[in-house]
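Everything on this sheet refers to the single structure shown next.
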Amino acid sequence: MRTSKSRVTGVVALTSAIALTLSACGGGDTGSTDNSGGAGDEGGTSTITAAVAYETSNYHPSNTSSALALGSNWHVVEGLYDLNMHDFTPYKALAADDDLTEVSETEYEVTLRDGAKFSDGSDVTSEDVVKSFERTMDPDGLYISMLSFIDSVEAKDESTVTINLKHPFSLTKERLSLVKIVPADASDDELTSKPIGTGPWKYDSISEQELVFSPNEHYNGDHPAEADEMKWQIIMDDTARTTAMQEGTVQVMENVPADAIEQIKSSGAEAETVQGFNLPFLMFNTKKAPFDDEKVRQAFFYAIDTEKLIQNALSGEATPAKSFLPEDHPNFHEAKNVFTYDPDKAKELLDEAGVSDLSLTLLTTDHGWIEALSPQIKNDLEAIGLSVDIHSEASSSLYANNTDVESPDFDVVLAPGDPSVFGNDPDLLMNWWYGDNTWTNSRTQWADSAGFTQLQGILLEAVQLTDAEQQDKWNEAFDLISEQVPLYPLFHRTLTTAYSGDLDGFQPISTTGLNFIDTKLK
């Protein structure tokens, strides 16, 4: 058994972060350790099949932001606590107890589940937990702004860790779910290509075409695998994915296009639509004139006919942004600036900023639904006197070549995003794009601004409050973001998932990814 004397020292960040994370949906505390598989013909193999809409080459639980990897990892790796992805409530995963042991308002202890093992049969120790926090709290990593409230994590003994906070933080348990526990001696290459964990499933194989899972025979938690196998086909093309669902090649289809919903239903499958946070955003290079002026940035949002975009490109399956959060979010607050279509207002703002005859390049990702938005956006912007060229790239190359560089020269980016795969609290969602991280330092270039500093102060204060006082502070943040708009949503999408009647316990979720925790075949 591995021992642990190591210590994770805290990372310095200006912001306070919030909760939430990546794994599994809840269910009854069965305590079962029977992982023999779910229903199926006697003597046969019960297999859950799915068509997923995204691809990736990075499954590293400590730094991936891939929709595919985050969703698949929910089944394979556990945090001390994980989130029920249907309502974002935390539940014990690798932790032994439902609640944290509070030593003080800035110190907590967590004991590991008795007898917990990784899928390779090795025991889980506090050393693995400490090392996993170390990896995830990399100062240069994408997750750091969501974990900056943690000062240090130490091994108290072989099965207990002590978590020290920089300040009181009202969402500690939720946020711990962001850190997935993996073996301390696992290499980054191993974790990137095929991680192992303590969850109910394990990866058998990962390729560009398919993910294959089998039950983790060493899992002894509350949510065992309920089938003999899972196979996820990677089908990025909407038409091919729809065909697979219609023909019964798969039992679940992720990301059903709006114009295919009736087709899916006519084939006998269910198609359920859930309002989500998923959104297209405009992101500006705030160090480059004239995009360094918030009036110019605001003008873009007033110039775009969002309602028309939603109807024409998404068959109505979205809601215009009235704030950073969608209207059905429990913490929704209508922002100070609501960008209803107003080209005259857009022209006024450009005049006030002294901008005329502006030519720009609109960079977009190559996601089909994003590319479908760009022609109308170009037309709307040109209607207020701008000259717009559109250039589309894959996300990986767009960010690497144009934004994640020392002196980025891009103008404006149109791209999708959905940090609710990590959790749904306002602090986490705001810190993903506006925290002291890659987004503000290397992409929007907003980290040196007075608006950034003001926002970090508001967020830091908010997470130390509760209830109405906390909501009031978050409302201040929503208002400020709607004024500064270094990156801001055009609308929030609804997500439609298709599934067959063969599954028991499966429910669509509001974010990208599929969740089969506690799902079985009838």
Side-chain angles (χ1 to χ4, degrees), residues 279-310 312-313 320-321 335-367 370-393 395 397-399 401-416 433-434 439-440 442-452 480-491:
L279 54 86
F281 59 76
L282 289 181
M283 178 178 77
F284 299 88
N285 183 350
T286 65
K287 286 285 185 68
K288 183 177 182 180
F291 311 109
D292 56 346
D293 189 330
E294 65 266 23
K295 291 182 179 180
V296 175
R297 302 194 293 264
Q298 289 179 25
F300 276 68
F301 291 96
Y302 284 115
I304 296 169
D305 189 342
T306 305
E307 292 275 10
K308 185 178 177 181
L309 269 185
I310 292 171
N312 291 349
K336 181 177 181 179
N337 289 328
V338 177
F339 297 102
T340 51
Y341 179 52
D342 191 343
D344 290 335
K345 174 72 170 177
K347 291 176 183 177
E348 289 175 13
L349 288 167
L350 291 178
D351 288 342
E352 290 174 18
V355 173
S356 60
D357 299 322
L358 175 62
S359 296
L360 64 112
T361 297
L362 179 66
L363 288 173
T364 80
T365 61
D366 62 355
H367 298 88
I370 289 292
E371 290 184 318
L373 302 176
S374 57
Q376 185 198 311
I377 291 176
K378 171 183 167 72
N379 290 340
D380 287 348
L381 294 176
E382 291 189 336
I384 64 166
L386 307 182
S387 177
V388 181
D389 287 327
I390 298 173
H391 179 72
S392 177
E393 294 185 31
S395 292
S397 62
L398 185 151
Y399 290 117
N401 297 338
N402 300 285
T403 65
D404 290 342
V405 293
E406 190 170 332
S407 299
D409 194 45
F410 76 96
D411 298 322
V412 186
V413 169
L414 170 67
W433 277 311
Y434 310 115
W439 285 100
T440 55
S442 302
R443 297 178 181 177
T444 64
Q445 302 287 294
W446 193 56
D448 294 332
S449 71
F452 171 85
L480 178 61
I481 293 168
S482 79
E483 292 179 315
Q484 293 291 312
V485 290
L487 178 155
Y488 204 71
L490 292 169
F491 53 77

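Positions are given from 1 along the sequence.
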Closest non-hydrogen contact found for T340 with Y302 is O-CD2, 3.4 Å

Contact between L490 and F301 at the side-chain level, heavy atoms closer than 4.5 Å - yes or no? yes

Of all heavy-atom pairs between T361 and D411, which one has the smallest distance, and what is that distance? N-OD2, 2.9 Å

Test log, rule side chain to side chain contact (heavy atoms under 4.5 Å, CB included), inputs Q484 and W446: CA-CA 10 Å; Q484 293 291 312; W446 193 56; 3.6 Å; yes

May I ask you to decide if the ring planes of W433 and W439 are parallel, tilted or perpendicular, using 30° and 60° as cut-offs? perpendicular

Could you state the interatomic distance from CG (D292) to CD (Q445), rounded to the nearest 0.5 Å? 12.0 Å

What heavy-atom pair brings V338 and A321 nearest, and what distance separates the two atoms? CG1-O, 4.2 Å

Output for pair (E393 CD, L363 CG), nearest 0.5 Å, gives 6.0 Å

Check the surroundings of atom CD in E307: do more than 12 heavy atoms from other residues, nucleotides or ligands lie under 6.0 Å from it? no

Taking atom NZ of K345 as the centre, does the number of heavy atoms from other residues, nucleotides or ligands within less than 6.0 Å exceed 12? no

Measuring from T403:OG1 to L398:CG, what's the distance to the nearest 0.5 Å? 6.5 Å

Should D351 and E348 be marked as a side chain to side chain contact (heavy atoms under 4.5 Å, CB included) after you check the CA-CA gap, both sets of side-chain angles, and the distance that decides it? CA-CA 5 Å; D351 288 342; E348 289 175 13; 5.6 Å; no

Value for CD (Q298) from CZ (F284), rounded to nearest 0.5 Å, stands at 10.0 Å

Closest non-hydrogen atoms of S374 and T364, given as atom of the first, atom of the second and distance, are CB-CG2, 4.2 Å

Side chains of R297 and T286 in contact at under 4.5 Å (non-hydrogen atoms): yes

So, applying side-chain contact (heavy atoms from CB on, under 4.5 Å) with L360, which one of L386, D389, N285 is it? L386

Salt-bridge test for R443 and D404: reply yes if a basic N is under 4.0 Å from a carboxylate O, no otherwise. yes

pair V296-L350: side-chain heavy atoms closer than 4.5 Å: yes

Shortest non-hydrogen separation from N402 to F410 and the atoms involved: O-CD2, 3.4 Å

Between NZ on residue K347 and CD1 on residue I384, distance to nearest 0.5 Å: 8.0 Å

Decide yes or no for D448 and K287: does some side-chain heavy atom of the first lie under 4.5 Å from some side-chain heavy atom of the second? yes

Donor-acceptor pair, distance only, cut-off 3.5 Å: does the side chain of N337 make one with the backbone of S482? yes

Looking at every non-hydrogen atom in both residues, tell me the closest pair between S395 and T365 and how far apart they are. OG-CG2, 3.4 Å

Would F291 and F300 count as a side chain to side chain contact (heavy atoms under 4.5 Å, CB included) here? Give the steps. CA-CA 10 Å; F291 311 109; F300 276 68; 3.9 Å; yes

Please round to the nearest 0.5 Å and tell me the distance separating atom CD of E294 and atom CG of L480. 10.0 Å

Are E483 and K336 packed together at the side-chain level, in the sense that at least one heavy-atom pair is separated by less than 4.5 angstrom? yes

Please test L349 against V355 for side chain to side chain contact (heavy atoms under 4.5 Å, CB included), starting from the C-alpha separation and ending with a verdict. CA-CA 9 Å; L349 288 167; V355 173; over 6 Å; no

Is any side-chain heavy atom of I377 less than 4.5 Å from a side-chain heavy atom of D380? no

Out of L309, I304, T306, D305, which one pairs with Y341 under the side-chain contact (heavy atoms from CB on, under 4.5 Å) rule? D305

